[in-house]
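Here the structure comes first, spelled out in C-alpha cells, and everything after it is commentary.
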Amino acid sequence: MDARACFYLLLPFLVLLARGAGAATLSFTSKCPYTVWPGTLTGGGGGQLSSTGFELATGATFSINDVPDTWTAGRVWGRTGCATDASGKFVCATADCGSGQVSCNGAGAIPPATLAEFTLKAPGSGENSIYDVSLVDGFNLPLSITPQGSGSGCTTTSCAANVNSVCPSELAVKGSDGSIVACKSACLALNQPQYCCTGAYNMPATCPPTNYSKIFKDQCPQAYSYAYDDTSSTFNCTGGASYLITFCP
Ligand SMILES: *[C@@H]1O[C@H](CO)[C@@H](O)[C@H](O)[C@H]1NC(C)=O
Ligand SMILES: *[C@@H]1O[C@H](CO)[C@@H](O)[C@H](O)[C@H]1NC(C)=O
C-alpha cells in the first residue's frame, strides 16, 4: 500500500483523535451558599465515569473530561449536608448514594433527589443528545443544565426554584435543625397508584398530573414532575455538545 492510500485509510481515525476521540465534558459549578457533593451514575450496566462523586464548594468548578460522547442513561445529582460520621462513613442528609464514601462507585441517589439526566449521541451520528431535569424522584436542590457550544436546539433547562419552600408537610424531609431539606415525590411519600403511574394508571392517558405533581410543575415548569409528564420536559441538542451543570443557578 502506498503512503497516500494509507493516509486516506487512517483519515477517519486521525479526525477522531483531533476531536478528542469521542469524549464529551461535563462541567460543574455551584452558586449554592452551602457545599454540594455531586454524584454521577451510568445506568443500565454501563461503565462508570472517572469521577462518581466529589466535593464542590460555593463558587467552585470541576470538570469530567472523559465522558463518552455516547453516554447513556447518565445521571448527575447533588448531595447536601454531608459529613463523615463517628464510624468513619461519609453520609449525606439528602441524595446520599449509600457508598459510605465521597465516590458513589455505581450507586445512585437515594430519593428525594433532583436529577440531571443525559443520553448523549456521538457528533455526526445524525441523532440528537437528550437531557432533562427530573423531579420524578423528588427535589433536594435547584440545578440547571446548559449545553456548551452552538448546536441546534441546545438550550438551558433548569429547576431553579427552591421547591423545599413550598413542600407540603406530608412530602417534606426535615434536617436535624427542623428545616425542610428535601421534598419527596407523592409516589415515594404516599405510594398510591395514581401518584406512581402503576396499576390502572400505568399509561400516559390514565395517569394525569395530580395536585402533588402540579406543585412541582408550578415551581419548575421545564422539569419532569411525574413519570408521564408531557414531553416538553425533554430537551435535545445536535450531538457532541458538552454540558455545564450549575447547582443553585
Ligand atoms: C391532594 O388531593 C388529595 C386527595 O384528594 C388530598 O387528600 C390532599 O390533601 C391533597 N393535597 C394537596 C397538597 O393539595
Ligand atoms: C428535539 O427538539 C425539537 C425542538 O424542540 C423537537 O421538535 C423534536 O421533536 C425533538 N426531538 C427529539 C428526538 O426529542
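Just so you know, ligand 1 is whichever comes first in the structure, and atom 1 is the first atom listed for that ligand. All values below were derived from every heavy atom in this structure, side-chain atoms included, with hydrogens, water molecules and symmetry-related copies excluded.
Summarising the contacts of atom 11 (N) of ligand 1 with Thr210, Leu171, Asn211, the nearest heavy atom is found in Asn211.
In terms of protein heavy-atom proximity, atom 4 (C) of ligand 1 is closest to Tyr195 OH, 4.3 Å.
At a threshold of 4.5 Å between side-chain heavy atoms, the hydrophobic network of Ile, Leu, Val, Met, Phe, Trp and Tyr places Leu135 and Phe247 in two separate groups.
Centroid-to-centroid, the aromatic rings of Phe216 and Phe139 stay 6.0 Å apart or farther.
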Applying side chain to side chain contact (heavy atoms under 4.5 Å, CB included) to Phe90 and Asp85, what does each step give before you reach the verdict? CA-CA 6 Å; Phe90 182 78; Asp85 72 10; over 6 Å; no

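Test Asp132, Asn128, Thr119 against Asn236 for side chain to side chain donor-acceptor pair (under 3.5 Å) and you get one pass: Asn128.
Proximity of atom 7 (O) of ligand 1 to the protein is not indicated, since no non-hydrogen protein atom lies closer than 4.0 angstrom.
Per-residue contacts place Tyr212 under 4.0 angstrom from the following atoms of ligand 1 (heavy atoms of the residue considered): 1 (C), 8 (C), 10 (C), 11 (N), 13 (C).
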